[in-house]
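Scroll down for the structure; my scribbles are underneath it.
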Amino acid sequence: MPELPEVETMCRGIRSIEGLQVMGFTMCECRLKPISIQPEASVIAAILVGSKVHKVSRLGKRVLVWFSGNRVLVIEPRMTGIVMLEDPPNQTHLRLEFRLVRGDAQVGLTSKNPTLPMLGEQKLLFWDRRGLGTVSLMSAEELEQQLVQRLGPDALQMTPALYVENFGTSRREIKVALLDQKLVAGIGNIYAAEILFMAGVDPRSRCDRLTSKQWYRISEATHGILNQAILHEGSTLSDGTYRNAINGEGSYQQCHRVYDREGLACLRCESGTVHRIVQAQRSTFFCPTCQKKRGLHPSLSD
DNA sequence: CATATGTCCTGAGAGC
DNA sequence: TGCTCTCAGGACATAT
């Protein structure tokens with residue numbers, strides 16, 4: 001479930017491809033239904049082979065790979081996609097492969113200096129078990145019109161005032177609204193639960209009924225949870241799907257306070273247990289005892 | 001306009 | 001053991 005921390009980890013993990021030149025690009029053949037790719041792979045290859053990776057960045061839950069010539073490859077991992085350098089979990093679900101090399105100017109130096117990165121090929125891979133991920137190559141202008149303008153502020157840029165401005169008049173439940181990328185970009189099901197637990201806010205609360213104090217706590221929790229999750233390289237759940245760029249696991253799942261802890265004792269209030277409910281066809285985990293619609297549980301300080 | 005629901009996809013795990 | 005069924009939740013299309 002790559003959400004902001006997992007996608008940020010992917011971006012950091014593949015940043016070493018910045019400056020490399022594309023030698024080849026292929027869509028892997030397999031019995032599975034091919035992932036959505038735009039334009040078709042052969043066209044992408046024709047455009048990108050020979051160009052250099054300018055930089056790697058993140059847009060909400062998407063990985064952006066910028067190339068010379070104002071082109072950007074937009075990768076949406078969705079549920080089970082991973083952008084990685086090497087060692088995919090298996091070959092079956094390997095979807096895309098870039099072959100990359102250092103630019104010509106450095107090739108001569110590399111063989112004489114063993115401290116430089118190896119001479120020869122590096123790869124950039126897109127692996128996706130369920131195949132819900134999408135990949136598209138577009139111009140910077142298309143990115144701006146089709147994506148940037150349709151997304152809310154990045155979750156790590158949120159402030160209490162931005163929360164009030166973007167959410168404050170909505171009648172939707174706060175947990176459901178946090179998943180809406182038009183309101184805030186980067187939060188998914190796991191971190192929405194963890195953020196609201198840290199903030200002490202009932203996930204069923206209507207946005208237009210939250211107090212400014214509660215928005216402040218949600219904003220603080222957004223930064224606290226996401227930054228901590230980034231430090232742990234994201235969450236690898238029991239299905240093991242999410243991996244970092246070199247097939248390692250994240251460790252933030254060990255820090256989850258409510259997600260996937262239905263029936264277990266609340267880690268904060270002791271008297272309560274974690275409940276699971278369904279909101280907008282997604283599981284929500286929370287502690288009814290210390291996540292209140294109004295006011296705060298005594299164990300939460302102001 | 002705001003909000004709610006259906007759809008895509010594969011494999012793990014439950015139940016019989 | 002092996003079959004069928006449900007579920008996981010990203011983003012978007014379509015419906016209310």
Side-chain angles (χ1 to χ4, degrees), chain A residues 1-10 27-28 30-38 58-64 74-83 88-96 126-136 138 142-143 145-152 154-155 165-196 203-209 226 229 234-243 250 253 256 258-262 276-285:
Chain A
M1 323 66 258
E3 306 181 24
L4 187 151
E6 289 78 21
V7 177
E8 179 64 26
T9 302
M10 290 180 206
M27 190 149 165
C28 305
C30 64
R31 62 175 179 81
L32 304 166
K33 180 173 182 183
I35 60 164
S36 166
I37 186 165
Q38 183 63 233
R58 178 180 61 76
L59 178 65
K61 298 177 194 171
R62 293 167 169 90
V63 175
L64 305 184
V74 180
I75 306 171
E76 292 180 38
R78 297 216 182 169
M79 294 296 299
T80 54
I82 318 172
V83 181
N90 62 36
Q91 292 298 313
T92 306
H93 302 101
L94 190 57
R95 309 292 182 151
L96 302 175
F126 182 61
W127 182 93
D128 186 354
R129 179 164 64 77
R130 284 169 64 181
L132 296 174
T134 70
V135 173
S136 50
M138 57 182 77
E142 289 168 331
L143 178 77
Q145 291 166 13
Q146 296 174 24
L147 291 174
V148 176
Q149 291 184 5
R150 298 183 188 183
L151 290 175
D154 191 82
E165 183 182 330
N166 288 2
F167 290 70
T169 62
S170 171
R171 300 151 65 107
R172 300 159 87 188
E173 296 173 321
I174 177 62
K175 155 64 173 11
V176 177
L178 282 173
L179 301 181
D180 187 339
Q181 305 299 298
K182 293 188 292 296
L183 302 178
V184 56
I187 298 173
N189 206 44
I190 295 169
Y191 296 106
E194 296 297 322
I195 287 166
L196 291 174
R204 300 164 295 186
S205 305
R206 273 175 50 162
C207 291
D208 59 358
R209 295 186 181 160
L226 296 179
S235 303
T236 298
L237 302 187
S238 54
D239 71 1
T241 298
Y242 167 70
R243 327 293 290 186
Q253 67 279 3
H256 291 177
V258 285
Y259 183 82
D260 204 20
R261 298 194 72 250
E262 182 183 14
R276 188 183 82 94
I277 60 174
V278 174
Q279 294 177 285
Q281 290 123 278
R282 286 162 174 80
S283 292
T284 298
F285 299 91

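In the text below, chain A, chain B and the rest are named by the order of the sequence lines, each starting its count at 1.
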Inset, instruction - Could you tell me whether the phosphate oxygens of dC12(C), OP1 or OP2, come under 4.0 Å of any side-chain nitrogen or oxygen in R62(A)? - result: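 Yes, because at least one side-chain N or O of R62(A) sits under 4.0 Å from OP1 or OP2 of dC12(C).
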Inset, instruction - Return no unless some side-chain N or O of Y242(A) is found under 4.0 Å from OP1 or OP2 of dG9(C). - result: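 It does not, given that no N or O in the side chain of Y242(A) lies less than 4.0 Å from OP1 or OP2 of dG9(C).
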Legend entry - 5'-to-3' dot-bracket of DNA chain B (Watson-Crick, G-U; under 3.5 angstrom; crossing pairs as [ ]; | other strand): .|||||||.|||||||
Starting at [atom1] of [X] and ending at [atom2] of [N], how long is that distance when rounded to a whole Å?
{"X": "L59(A)", "N": "dA11(C)", "atom1": "CG", "atom2": "C1'", "answer": "13 Å"}
{"X": "I190(A)", "N": "dA8(C)", "atom1": "CD1", "atom2": "P", "answer": "12 Å"}
{"X": "L179(A)", "N": "dC12(C)", "atom1": "CG", "atom2": "C1'", "answer": "14 Å"}
{"X": "R150(A)", "N": "dA13(C)", "atom1": "CZ", "atom2": "C1'", "answer": "12 Å"}
{"X": "I37(A)", "N": "dC8(B)", "atom1": "CD1", "atom2": "P", "answer": "21 Å"}
{"X": "D128(A)", "N": "dC8(B)", "atom1": "CG", "atom2": "P", "answer": "17 Å"}
{"X": "L183(A)", "N": "dC1(B)", "atom1": "CG", "atom2": "C1'", "answer": "14 Å"}
{"X": "E6(A)", "N": "dG9(C)", "atom1": "CD", "atom2": "P", "answer": "13 Å"}

Check salt bridge (charged side-chain N to carboxylate O under 4.0 Å, His left out) between [X] and all other residues, then give those that pass, not counting sequence neighbours.
{"X": "R95(A)", "result": "none"}
{"X": "E8(A)", "result": "R12(A), R58(A)"}
{"X": "R206(A)", "result": "D208(A)"}

Legend entry - Donor-acceptor pair between Q253(A) and T236(A) side chains, under 3.5 angstrom: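 There is no such pair (donor and acceptor under 3.5 Å, judged by atom type) between the side chains of Q253(A) and T236(A).
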Inset, instruction - Name the nucleic acid region contacted by S283(A), choosing base, sugar-phosphate or nothing; use a 4.0 angstrom heavy-atom cut-off, strictly under. - result: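 Since only primed, P, OP1 and OP2 atoms lie under 4.0 Å of S283(A), the category is sugar-phosphate.
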Inset, instruction - Report which part of the nucleic acid Y259(A) touches: base, sugar-phosphate, or nothing (heavy-atom distance under 4.0 Å, all strands). - result: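 If one applies the 4.0 Å heavy-atom cut-off, Y259(A) turns out to touch the sugar-phosphate alone, with no base involved.
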Protein-nucleic acid N or O pairs under 3.5 Å, nucleotides 9-11 of chain B:
{"from": "dC9(B)", "atom 1": "OP1", "to": "K33(A)", "atom 2": "NZ", "distance (Å)": "2.1"}
{"from": "dC9(B)", "atom 1": "O2", "to": "R130(A)", "atom 2": "NE", "distance (Å)": "3.0"}
{"from": "dC9(B)", "atom 1": "O2", "to": "R130(A)", "atom 2": "NH2", "distance (Å)": "3.2"}
{"from": "dC9(B)", "atom 1": "N3", "to": "R130(A)", "atom 2": "NH2", "distance (Å)": "3.3"}
{"from": "dT10(B)", "atom 1": "OP1", "to": "K33(A)", "atom 2": "N", "distance (Å)": "3.4"}
{"from": "dT10(B)", "atom 1": "O3'", "to": "H93(A)", "atom 2": "NE2", "distance (Å)": "3.4"}
{"from": "dG11(B)", "atom 1": "OP1", "to": "H93(A)", "atom 2": "NE2", "distance (Å)": "2.8"}
{"from": "dG11(B)", "atom 1": "O4'", "to": "R129(A)", "atom 2": "NH1", "distance (Å)": "2.9"}

Inset, instruction - Hey, could you give me each pair passing salt bridge (charged side-chain N to carboxylate O under 4.0 Å, His left out) that has a residue in residues 181-195 of chain A? Not counting sequence neighbours. - result: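 Residue pairs with at least one partner in residues 181-195 of chain A: D180(A)-K182(A).
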Legend entry - Pairing residues for T9(A) by the side-chain contact (heavy atoms from CB on, under 4.5 Å) criterion, not counting sequence neighbours: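 side-chain contact (heavy atoms from CB on, under 4.5 Å) check on T9(A) returns E233(A), Y242(A), N244(A).
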Legend entry - R261(A): side-chain contact (heavy atoms from CB on, under 4.5 Å) partners, not counting sequence neighbours: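 Testing R261(A) for side-chain contact (heavy atoms from CB on, under 4.5 Å), a comparison that skips the adjacent residues, returns L264(A), L267(A), V274(A).
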Legend entry - ring-ring contact (aromatic ring centres under 6.0 Å, His included) involving H256(A) - partner list, sequence neighbours excluded: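 Once residues adjacent in sequence are excluded, the partners of H256(A) under the ring-ring contact (aromatic ring centres under 6.0 Å, His included) criterion are Y252(A), Y259(A).
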Legend entry - K61(A) (side chain) donor-acceptor with I187(A) (main chain) under 3.5 angstrom: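 At least one qualifying donor-acceptor pair exists.
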Legend entry - Sequence-distant partners of R204(A), side-chain hydrogen bond (donor to acceptor under 3.5 Å, both in side chains), two or more places apart: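 For R204(A) the side-chain hydrogen bond (donor to acceptor under 3.5 Å, both in side chains) partners, ignoring immediate neighbours, are D202(A).
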Inset, instruction - Mind checking side-chain hydrogen bond (donor to acceptor under 3.5 Å, both in side chains) for K175(A) and listing every partner two or more places apart, or none if nothing turns up? - result: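 K175(A): side-chain hydrogen bond (donor to acceptor under 3.5 Å, both in side chains) contacts with N189(A), T284(A).
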Legend entry - C207(A) side, atom SG; R171(A) side, atom CZ - distance, nearest 0.5 Å: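 C207(A) SG to R171(A) CZ: 12.0 Å, rounded to 0.5 Å.
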Inset, instruction - For nucleotides dA11(C) and dG11(B), find the distance between their P atoms and express it as a whole number of Å. - result: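 Going atom to atom, P in each nucleotide, I get 22 Å.
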Any protein N or O atoms within reach of nucleotides 2-5 of chain B? Criterion: under 3.5 Å, listing atom names and distances.
{"from": "dT3(B)", "atom 1": "OP1", "to": "S170(A)", "atom 2": "OG", "distance (Å)": "3.4"}
{"from": "dT3(B)", "atom 1": "OP1", "to": "R171(A)", "atom 2": "N", "distance (Å)": "2.7"}
{"from": "dT3(B)", "atom 1": "OP2", "to": "S170(A)", "atom 2": "OG", "distance (Å)": "3.4"}

